Amino acid sequence: MIFTIHHRDAGSAARTGTMVLPHGDVATPVFMPVGTAGSVKAMTNDDLLAIGFEIILGNTYHLFLRPGMDTIRRASGLHQFMDWGENILTDSGGFQVFSLANSCKISEEGAHFRSHFDGSEHLWTPENVSEIQAVLNSDIQMQLDVCSAYKTSHEEALNACLVTEKWLSRGFARYTSLRDTGYKGTFFAIVQGNFYKDLREKSAESVCKADTEGIAIGGLSVGEPFDVFAEYLSFTAKLLPTAKPRYVMGIGTPEYILAAIEHGIDMFDCVLPTRLARHGTAFTARGLLSIKKEAFKQDFAALDEHCNCKICTRYSRAYLRHLFKNGEILSSILLSYHNLYFLHNLVLNARAAITEDRFMQFKNEFLQRYGQAM
Ligand SMILES: [Zn+2]
């Protein structure tokens with residue numbers, strides 16, 4: 001993978017760039033929608049393309065269990081299976097194994113778990129998780145890591161770090177041999193270390209030594225307050241080489257995305273925009289809007305007067321509320337489109353602001369308006 005930085009903002013660590021990946025170029029900073037099981041919920045691929053997304057996520061844990069790797073292999077990979085011609089990043093599934101599986105035991109060998117669908121038993125190792133992601137033909141694959149929860153003890157967090165370090169070298173070695181046999185995707189290492197600065201330093205050191213093409217900062221946005229998130233994000237980002245793309249997993253609100261961009265993060269993803277949409281909540285320039293409210297019953301204004309998306313230019317709040325109240329599936333479709341458009345547009349505006357060395361001014365003005373409740 002080639003990563004080129006085009007411009008560094010004068011007043012922050014924000015930067016714009018391009019990643020050259022097997023399924024096309026990806027401009028950064030980039031928000032990546034999550035297609036958990038081979039579909040970004042309530043979105044067609046055509047609509048994702050129309051908004052301008054160049055990369056989406058797939059969840060290895062879900063796809064491994066359903067439809068299973070045999071089906072994916074026969075389909076010649078996830079792109080063909082879901083008819084998506086742009087890039088796909090897959091997570092290692094580690095987070096889902098810990099949070100969703102019925103039981104999960106970590107040993108140095110790997111993660112033993114039972115499927116939350118049918119109780120079937122599986123062993124994931126750093127090696128076979130790299131192989132699974134190669135079968136998915138993911139353009140960016142992630143190492144298997146051990147996530148630790150917010151407020152985990154130092155001892156436990158240290159153990160998670162040590163296992164993650166060993167899994168990095170094993171996973172990266174297997175990935176390298178897969179590259180030799182024609183797999184074209186790239187491999188990202190993950191910095192862990194929980195909320196302990198000595199462990200973040202230790203983890204970052206081993207990740208830098210491994211010299212993968214990109215680096216993710218893991219273990220953030222796991223329930224900690226925003227200022228703790230921002231502090232550890234900034235601390236960890238400064239430990240990483242500036243020339244490589246950096247990825248923070250699982251962030252999807254304007255506040256978190258703008259903080260990440262400010263600290264030099266290039267990539268982020270989250271299920272939040274589509275999940276909020278299914279619950280009748282929209283991002284707007286003036287903060288979150290719940291379409292359920294009685295006040296919108298005869299409000300014929302646009303969902304977000306500052307948004308130029310095809311939903312805001314065509315439909316009224318009154319109609320969108322009516323759809324939601326009646327449980328019409330169109331409600332999820334329209335609100336998901338708007339929410340993803342909104343975040344993509346936020347990132348486009350951030351890129352423009354970085355290019356003109358006014359990112360902090362843009363961020364402050366955006367958040368000031370965003371903080372004004374409807
Ligand atoms: Zn809109």
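Whatever order the structure lists them in is the order used to number ligands and atoms, beginning at 1. Just so we're clear, the structure is a prediction, and the values are computed from it rather than from any experiment.
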Review point. Salt bridge between K202 and D198, side-chain N to carboxylate O under 4.0 Å?
Key: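 Looking at K202 and D198, the cut-off is not met.
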Practice item. Give a yes or no on whether a salt bridge exists between D47 and K310, defined as a side-chain N under 4.0 angstrom from a carboxylate O. Key: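 Result for this pair is yes, salt bridge flagged.
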Check your understanding: Do H116 and Y61 make the cut of ring centroids closer than 6.0 angstrom?
Key ->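 So the answer is yes for these two rings.
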Point to revise | Quiz item: cation-pi between K151 and F195, 6.0 Å / 45° | key: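 Pair K151/F195 does not count as cation-pi.
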Review point. Think R66 forms a cation-pi with F117, using NZ or CZ under 6.0 Å from the six-ring centre and within 45 degrees of its axis?
Key: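 Geometry flag: set, cation within 6.0 Å and 45°.
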**Study point:** Sub-2.8 Å protein N, O or S atoms surrounding the Zn ion (ligand 1)
**Key:**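 Protein N, O or S atoms closer than 2.8 Å to the Zn ion (ligand 1): C307 SG, C309 SG, C312 SG, H338 ND1.
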Exercise for review: Determine the sole option in R369, K363, Q361 for which the side chain to side chain donor-acceptor pair (under 3.5 Å) test with E365 is passed.
Suggested key: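 Going through R369, K363, Q361 one by one, the side chain to side chain donor-acceptor pair (under 3.5 Å) with E365 is satisfied by Q361 alone.
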